[in-house]
Amino acid sequence: FSFGVMFYEMLTGKRAFRGESPIEVMSAILNKEPAEPAQTDRALAPPFERVVRHCLEKRPADRFQSTRDLAFDLESLASGLTSSGSILATRPVAKRDRSKLIWLAAAITLSLLALAAAFSFGKRSVSRDTPFYHQLTFRRGTIYSARFSADSDTVVFSATWNGDPLDIYEMRSGSADSKPLGLTNVQVLSVSAAGEMAVLLNSQQLYHSVRRGTLARMPLGGGAPREMLENVQDADWGPDGNLAVVRFAQDRIHLEYPIGKVLYETDGYITNPRISPKGDAVAFLDHPVPGDDRGSVMLVDANGQKKKLSGDWAGEDGLAWSPGGDEVWFTATKSGEAQALYAVTLSGKERVVARAPIILRLQDISRQGQVLLTGENQSTPISCLVPDGTKERELSWLNSVRINDLSRDGKTFVFTHFGQSSGTNYHVYLRKTDGTSAIQLGDGYGGGFSPDGKWVSSILSSPPQILLLPTGAGQSKRLESFGIEQFGYSTSWLPDGKSIVFNGKENGRLQRTYVQAIDGGPPRPVTPEGFTGTLVSPDGQFLLARDLDEKKAIAIYPINGGEPRPIPGLEEEDRVIRWGSDGKSLHIYRPRERPLKLFKLNLATGKKEAEKEIVPADSAGIRGPINVLLTPDGRGYIYAFTRSLSDLYLVTGLN
């Protein structure tokens with residue numbers, strides 16, 4: 001209607017609705033018809049008069065029903081004008097007015113063509129769907145994985161709700177209800193075109209989204225799983241019905257497709273293997289450092305030819321192929337900001353698909369282009385009990401942190417922040433357990449206090465290097481790397497304060513443990529390749545180390561050379577917190593059990609003595625192990641864990 005009013009005035013030189021006051025104009029709009037064009041100074045050709053009248057109908061239902069219809073008529077009239085001449089009807093025109101009419105016709109023609117062009121551009125713009133996020137889950141907990149069925153009518157996902165064990169849930173399209181399959185500690189990995197699930201049984205979370213268990217297959221909708229392969233981390237069904245798997249093989253991680261054919265291996269780790277729609281390649285996220293989620297998007301074909309598709313990311317988790325197979329979509333972060341959704345072509349061209357103020361994790365993309373995303377909020381609750389204390393104190397500070405060391409008196413602790421705004425090298429903080437504010441010491445991944453408490457060791461990733469950060473006044477110190485191309489994130493000190501113990505690897509070799517003097521000199525290997533550990537005995541003579549695949553028992557290694565010896569009574573699920581102050585015992589616990597039970601293990605007899613229990617007040621969303629640090633006498637402690645509360649979304653309209 002508004003366009004019709006302006007169009008009428010453009011063509012006739014008169015206002016369509018007139019009055020002496022705004023009220024009279026409104027009355028004319030509501031009750032009167034505009035003057036016939038024939039009654040004005042300029043008569044219109046019938047087609048244009050029809051368009052104007054159609055715009056100015058009193059009843060909205062009698063007007064053009066969309067801009068599309070209006071623009072179609074105008075575009076047709078504009079095209080006809082170029083061959084038929086004037087929009088003005090044929091009638092005698094004074095010579096003095098003829099030039100005015102020609103200019104008017106030209107102006108209107110240009111206006112109509114501009115409107116038609118604008119409509120065409122707008123049509124292309126609005127035809128792209130606006131993304132719509134349909135929330136599928138509403139319970140409190142963590143979603144570990146989610147996949148579409150082959151027909152996209154069903155969504156299956158694995159979650160832990162309100163602290164309950166991991167289970168698989170099924171949801172039909174259009175339904176708000178999800179049905180648990182009644183399985184304990186089972187995670188869905190992939191769904192085949194034939195309606196069969198690849199699942200992970202009896203898995204343990206190692207770090208981030210990495211779990212290890214037994215690969216099995218089972219019908220979609222439930223049934224008895226049939227075991228296939230042990231030590232598996234992830235799997236994906238290919239269009240040919242074969243599985244690609246990521247599994248632990250001795251000291252390395254293998255990507256196999258089909259099972260048994262190794263396409264790629266690394267001493268870092270691999271996540272999210274996804275087979276291309278044609279079945280001719282596997283895309284995955286490659287992480288060079290175990291336990292660190294930084295890395296890049298990689299592609300490997302059936303012949304084992306590798307290609308790095310993306311640049312390096314500070315964190316990445318979640319990957320899937322676009323329906324046409326021309327892009328790989330993934331969720332990642334450049335420098336600690338919330339993960340966003342990206343796409344990269346097979347030639348390496350990257351683009352942003354979607355951002356949100358929460359962490360996004362890509363789960364799956366259907367053949368129709370629907371996207372399964374989880375939106376996640378993470379926090380790191382930290383609690384401590386000081387020696388001789390009677391009540392725990394809450395010490396949470398920032399999100400995405402890991403506690404690294406607790407001072408001997410239990411009054412100070414070190415933690416690393418690797419979350420939002422932490423940068424590529426992360427940040428090391430010092431905080432007192434009395435609740436005062438944390439102090440940022442510098443960059444890196446934090447290690448242990450020096451024996452005198454004046455330094456904290458730290459690991460830089462870029463460039464790889466050990467950094468010593470002063471806890472008080474002073475300047476940081478960098479140790480020469482001497483050919484160590486990659487450092488693990490665990491460091492400690494020898495009791496004399498003159499040497500650092502760290503995990504690292506040289507070019508072409510596996511990780512091992514080294515000792516390096518802080519005043520110069522090259523590092524000295526302590527363990528064989530493939531064995532790492534940095535817990536040093538109080539006398540500085542021994543350290544604890546284990547095989548990289550973490551399936552072998554921890555052993556005691558003499559720092560100055562000699563054969564390792566086993567630890568009696570230490571079981572596979574046990575984790576060592578620290579040596580006892582007497583050097584003849586270990587403080588141990590099982591980080592995935594609830595409640596946490598701490599024991600003291602006698603190294604001579606293998607006997608375990610119960611020490612204490614730790615029970616987090618809120619068990620919802622606890623993801624991965626709970627980390628515990630103790631004072632040497634075992635009386636004071638601090639613990640932290642990741643709480644991940646996530647919701648599943650079905651997203652349409654992402655281009």
Side-chain angles (χ1 to χ4, degrees), residues 136 143-158 168-175 178-179 181 183 186-201 213-229 232-247 255-261 263 270-285 299-303 318-330 343 346 362-374 648 650-652 654:
L136 300 180
I143 297 167
Y144 286 83
S145 57
R147 300 299 286 265
F148 286 108
S149 62
D151 59 8
S152 305
D153 286 339
T154 301
V155 172
V156 288
F157 63 93
S158 299
I168 297 178
Y169 296 80
E170 182 183 78
M171 176 181 291
R172 298 290 296 175
S173 177
S175 172
S178 58
K179 178 186 72 174
L181 300 188
L183 305 167
V186 179
Q187 180 185 355
V188 60
L189 302 178
S190 183
V191 181
S192 73
E196 193 172 22
M197 291 191 295
V199 299
L200 203 60
L201 306 178
T214 300
L215 177 67
R217 56 199 302 170
M218 62 180 292
L220 184 66
R226 182 165 66 85
E227 296 184 4
M228 298 176 62
L229 193 65
V232 171
Q233 175 195 313
D234 207 343
D236 188 46
W237 289 103
D240 58 358
N242 286 315
L243 280 164
V245 299
V246 175
R247 66 166 171 164
L255 171 61
E256 303 174 9
Y257 177 56
I259 295 174
K261 181 181 179 181
L263 297 181
I270 295 168
T271 57
N272 305 108
R274 296 293 184 266
I275 303 170
S276 65
K278 295 180 180 179
D280 57 351
V282 182
F284 58 94
L285 299 176
L299 186 73
V300 60
D301 65 18
N303 298 317
L319 179 146
W321 286 85
S322 64
D326 56 337
E327 285 186 320
V328 176
W329 289 23
F330 62 101
L346 303 190
L362 177 60
Q363 299 288 349
D364 201 7
I365 301 177
S366 72
R367 294 178 181 177
Q368 295 76 33
Q370 299 166 303
V371 178
L372 280 179
L373 284 174
T374 46
L648 183 63
L650 176 65
V651 189
T652 57
L654 290 174

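Please read these numbers as outputs of a predicted model, since none were measured by experiment.
Here the side chains of I365 and P323 are in contact, with some heavy-atom distance below 4.5 Å. Using a 4.5 Å heavy-atom threshold, the side chains of Q363 and T374 count as touching. A 4.5 Å side-chain heavy-atom check between L229 and V245 finds at least one atom pair inside the cut-off. For the pair L215/L189, a side-chain contact is recorded, criterion being any heavy-atom separation below 4.5 Å from C-beta on. Proximity of F148 to Q370: side-chain heavy atoms (C-beta onward) are separated by under 4.5 Å at one or more points. Counting heavy atoms from C-beta on, the side chains of M218 and L183 come closer than 4.5 Å. Side-chain atoms of M228 and L201, non-hydrogen and from C-beta on, never get closer than 4.5 Å to each other. In this structure the side chain of V156 reaches within 4.5 angstrom of the side chain of L220, judged on heavy atoms.
Distance check: R367 CZ to S322 OG gives 14.0 Å after rounding to the nearest 0.5 Å. Rounding to the nearest 0.5 angstrom, the gap separating the CD1 atom in I168 from the CG atom in L181 is 5.5 Å. Atom OG of S158 is separated from atom OH of Y144 by 10.0 Å, given to the nearest 0.5 angstrom. T271 OG1 to L285 CG: the interatomic distance, rounded to the nearest 0.5 Å, is 4.0 Å. Taking OG of S190 as the start and CD1 of I275 as the end, the distance is 7.5 Å to the nearest 0.5 Å. For the atom pair CH2 (W329) and CG (L654), the distance works out to 5.5 Å, reported to the nearest 0.5 Å.
Residues forming a side-chain hydrogen bond (donor to acceptor under 3.5 Å, both in side chains) with D364 (at least two apart in sequence, or on another chain): R147. Evaluation of the side-chain contact (heavy atoms from CB on, under 4.5 Å) rule for D151 yields S149, D153 as partners, not counting sequence neighbours. Remark: D301 engages no residue in a side-chain hydrogen bond (donor to acceptor under 3.5 Å, both in side chains) (not counting sequence neighbours). For S192, there are no side-chain hydrogen bond (donor to acceptor under 3.5 Å, both in side chains) partners at least two apart in sequence or on another chain. Remark: W237 engages no residue in a side-chain hydrogen bond (donor to acceptor under 3.5 Å, both in side chains) (not counting sequence neighbours).
E227 and T214 are not linked by any side-chain donor-acceptor pair at a separation below 3.5 angstrom, with hydrogens and angles left out of the test.
Contact record, A198 with L243: CB-CD2, 4.0 Å, taken as the closest heavy-atom pair. Listed here is the closest heavy atom pair of V188 and V199: CA-CG1, 4.1 Å. The two residues L200 and Q233 have their closest heavy-atom pair at CD2-O, 3.7 Å.
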Let's go through K261 and E256 carefully: what are the C-alpha distance in whole Å and the side-chain angles of both, what is the deciding distance for side-chain contact (heavy atoms from CB on, under 4.5 Å) to 0.1 Å, and is it a yes or a no? CA-CA 5 Å; K261 181 181 179 181; E256 303 174 9; 5.6 Å; no
Walk me through whether M171 and L136 qualify under side-chain contact (heavy atoms from CB on, under 4.5 Å). CA-CA 9 Å; M171 176 181 291; L136 300 180; 3.8 Å; yes
Please test L372 against V155 for side-chain contact (heavy atoms from CB on, under 4.5 Å), starting from the C-alpha separation and ending with a verdict. CA-CA 9 Å; L372 280 179; V155 172; 3.8 Å; yes
side-chain contact (heavy atoms from CB on, under 4.5 Å) for N242 and Y257? Distances and angles first, verdict last. CA-CA 8 Å; N242 286 315; Y257 177 56; 4.0 Å; yes
For residues 276-284, which side-chain donor-acceptor pairs fall under 3.5 Å, sequence neighbours excluded?
residue, atom, partner, partner atom, Å
S276, OG, G279, N, 3.2
S276, OG, D280, N, 3.1
S276, OG, D280, OD1, 2.6
S276, OG, A281, N, 3.3
S276, OG, A281, O, 3.4

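Contact check on K179 versus E170 returns a salt bridge, with a Lys/Arg side-chain nitrogen under 4.0 Å from an Asp/Glu carboxylate oxygen.
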